[in-house]
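Data first, discussion second: the structure below is written as structure tokens.
Residue numbering restarts at 1 for every chain, and letters A, B, ... go by the order of the sequence lines. Heavy atoms only: backbone and side chains are in, while hydrogens, waters and symmetry mates are out.
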Amino acid sequence: MSQQLSEQELVRRESLTKLRELGINPYPQALYPVTILSKAIKENYEEGKKVVIAGRLMSRRIQGKASFAELQDSEGRIQVYFNRDEICSEDDSTLYNEVYKKLLDIGDFIGIEGELFKTQVGEISVRVKKFDLLSKSLKPLPLPKTDSEGNIHDAFTDPEMRYRQRYADLVVNPHVKEVFIKRTKLFNAMRTFFNERGYMEVETPVLQPIPGGAAAKPFITHHNSLDMPLYMRIANELYLKRLIVGGFEGVYEFSKNFRNEGMDRTHNPEFTAMEIYVAYKDYNWMMEFTENLLEYCALQVNGKTEAIFGEHKVDFKAPYKRVTMRQSIIDFTGFDIDGKSETELAEWCKSNGVEVDDTMGKGKLIDEIFGEKCEGNYIQPTFITDYPKEMSPLCKEHRDNPELTERFELMICGKEVANAYTELNDPIDQKERFEAQLKLAAKGDEEAGQFIDYDFLRALEYGMPPTSGLGIGIDRLVMYLTNNQSIQEVLFFPQMKPEKKAVELSDAEKTIFNILKANNKMELGALKSESALSGKQWDKGMKGLSKHGIVKVEVDGDTKFCVLQS
RNA sequence: GACUUGGUAGCUCAGCUGGUAGAGCAUAUCACUUUUAAUGAUAGGGUCCUGGGUUCGAGCCCCAGCCAGGUCACCA
């Protein structure tokens with residue numbers, strides 16, 4: 001879509017032409033021999049050391065024949081000093097006066113050969129001996145400035161623009177870049193932790209014929225040659241367990257999951273989960289594993305186990321408190337759910353301000369109570385254990401109480417971060433639980449599963465060793481480790497509605513356009529009378545069409561024609 | 001989905017009961033050889049989100065819509 005260029009964009013395009021006229025290729029095929037990054041220069045300063053660096057020009061302070069600029073590379077900024085006498089011969093100052101001062105702009109990528117020195121005020125700088133344009137920037141970047149007291153002026157903060165133009169956000173906001181560096185550190189830390197224990201990273205299908213392993217609304221797509229619907233995965237659990245059946249001791253996957261549900265500060269349609277399954281373990285073992293894992297991750301990402309999240313200070317140091325769901329509800333309400341019937345639970349809810357409806361079974365009711373009264377109170381990492389059976393269809397029954405399951409969730413700052421089970425491996429029990437879920441779904445519980453994965457049941461029939469599985473919401477964990485309140489801040493490219501709808505014509509424009517389409521070229525007066533538009537509407541329609549570049553008025557002697565542009 | 005706040009120059013933001021649209025930075029031209037939010041001078045730059053309406057006159061008021069943020073509801 002063609003768009004009007006701003007003055008500054010036009011100036012940069014002119015510079016492009018002038019550079020070419022001077023024989024400088026603004027987009028060279030350059031293998032540029034960078035020898036050092038800005039951070040290393042500052043950390044290991046050596047007076048007079050020759051360096052070759054490259055990056056974006058981010059600021060300039062020109063003072064006649066001398067000038068200071070800042071070059072930004074992947075690790076930060078370094079000051080560079082341009083002096084006319086250093087880079088130009090006596091009789092030709094073009095390189096400094098024209099190329100550097102006029103034709104380069106903030107945002108351009110340049111390469112610099114020079115040597116290190118310290119200015120009179122002691123700042124480590126590179127004295128430029130030679131520079132090359134590596135890539136011209138045609139669009140002015142947002143330009144936050146930091147003053148001597150560290151205050152940032154003109155910060156690029158509008159979330160909409162930052163998310164839509166993450167590339168610009170990353171260029172000008174180093175703290176944003178830092179979030180994503182930490183995100184990657186978290187992945188690396190988890191991989192290391194798992195790999196050191198001999199567990200294997202695997203991949204399982206994103207396109208699935210049955211969207212299993214969780215209860216959520218899937219995205220549906222269609223495979224043309226198979227002529228069948230496929231679902232984008234909502235979880236990878238059932239596939240990973242198949243691999244445990246196949247004989248792997250421990251498997252894990254970082255999985256992009258897709259859920260066709262609401263979007264808000266904590267939900268993006270695609271998000272990342274880490275799931276791991278380990279054979280011959282139970283959920284008690286997994287709790288210890290999880291707290292050790294998270295302590296290790298926090299250390300690797302932030303260098304310490306404490307993390308600030310909003311008003312809270314969270315400590316990831318193991319071990320974490322463990323509370324059963326029953327005890328938790330007693331703690332916060334005084335109500336003991338043990339042995340209560342569905343009716344008793346529903347009545348308690350109604351008289352205690354917990355919203356319920358008829359579709360809710362026992363498990364769901366308990367979950368509502370917990371969600372309403374307890375969940376939000378757990379700031380420090382806390383394991384909530386022993387969930388009702390009904391809401392955990394893939395989890396093994398509790399060894400001490402058949403109403404419960406061996407399941408835990410890890411709560412941090414009032415939100416769930418991890419979920420784990422002693423996995424159900426009794427194929428007959430599993431089949432019955434799936435069928436119970438189908439009934440719940442029929443009753444109207446949208447969270448209940450609506451499909452039975454018979455292939456998964458077949459796998460279980462071959463036998464799955466006792467196994468414990470854990471899922472961690474990676475995006476949420478990154479939020480905690482980087483003190484971000486919204487998931488958009490920890491995703492490079494959060495889902496957004498499209499910026500602009502396609503050019504739509506107004507009614508007047510459409511009328512004129514349709515008449516003209518039949519004739520291609522018409523005398524203006526004839527076109528106007530055929531359109532039967534009022535003077536104002538006609539004027540508006542014509543102006544609109546010319547603005548979109550759809551029509552053009554041509555003058556031939558005394559006659560004016562309106563011509564349709566292709 | 002409900003409520004609420006916002007959308008004005010490349011960026012950050014002002015904008016009077018409704019009367020020709022402002023600032024700082026950025027840009028352009030000039031001066032300036034160790035500055036650092038460099039400085040001084042001059043100049044240019046705007047579909048005021050879109051579409052209707054009220055009005056002699058709308059950036060401002062009214063209606064509808066689009067996009068985004070926040071709160072809540074729903075939901076892992």
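- Looking at heavy-atom distances under 4.0 Å, A:K497 makes contact with sugar-phosphate atoms alone, never a base.
- Aromatic pair A:Y163/A:F492: ring centres not closer than 6.0 Å.
- With respect to A:E123 and A:K118, no salt bridge is recorded, no charged nitrogen being found less than 4.0 Å from a carboxylate O.
- Applying the 4.0 Å criterion to OP1 and OP2 of B:U35, one finds that A:R61 has every side-chain N and O outside that range.
- If you check every strand for non-hydrogen atoms under 4.0 Å, A:I62 touches a base.
- Between A:Y277 and A:Y252, the distance from one ring center to the other does not fall under 6.0 angstrom.
- Using a 4.0 Å heavy-atom distance criterion, A:K139 is classed as making no nucleic acid contact.
- You won't find any donor-acceptor pair under 3.5 Å spanning the side chain of A:R60 and the base of B:U36, going by distance alone.
- Counting any heavy atom pair closer than 4.0 Å across all strands shown, A:N151 reaches no nucleic acid atom.
- No donor-acceptor pair under 3.5 Å is formed between the side chain of A:R259 and the backbone N or O of A:R233.
- One finds no salt bridge joining A:K177 and A:D169 here, because no Lys/Arg side-chain nitrogen approaches an Asp/Glu carboxylate oxygen to under 4.0 Å.
- Geometrically, A:K65 does not engage A:Y96 in a cation-pi contact, judged by NZ or CZ lying under 6.0 Å from the ring centre and within 45° of the ring axis.
- Here A:E9 lies out of heavy-atom contact (under 4.0 Å) with every strand.
- The base of B:G69 lies outside donor-acceptor range of the side chain of A:D158, with no N or O pair under 3.5 Å.
- The residue A:R164 sits close only to the backbone: its heavy atoms come under 4.0 Å of sugar-phosphate atoms, none of a base.
- Proximity of A:R265 to the phosphate of B:U71: a side-chain N or O atom is located under 4.0 Å from OP1 or OP2.
- Counting only heavy atoms from C-beta on, A:Q8 has its side chain closest to B:A26 among B:C75, B:G24, B:A26.
- Proximity of A:K118 to the phosphate of B:U36: no side-chain N or O atom is located under 4.0 Å from OP1 or OP2.
- Residue A:R476 is out of contact with every strand shown, counting any heavy-atom pair closer than 4.0 Å.
- Base pairing analysis places B:U4 opposite B:G69; the two distances defining the Watson-Crick or G-U wobble pair are each below 3.5 Å.
- Residue A:E160 places no side-chain atom within donor-acceptor reach of the base of B:G69, judged by atom type and a 3.5 Å distance cut-off alone.
- Among the protein residues, A:Q79 comes within range of the nucleic acid bases, having at least one heavy atom under 4.0 Å from a base atom.
- Counting any heavy atom pair closer than 4.0 Å across all strands shown, A:Q63 reaches a base atom.
- A:F408 has its ring centre no less than 6.0 Å from the ring centre of A:Y421.
- Between A:K145 and B:C11 there is no side-chain polar atom (N or O) within less than 4.0 angstrom of OP1 or OP2.
- The stretch residues 479-489 of chain A has no heavy atom under 4.0 Å from RNA chain B, so no residue of it qualifies as close.
- A salt bridge between A:K129 and A:E113 is absent, with no side-chain N of the basic residue lying under 4.0 Å from a carboxylate O of the acidic one.
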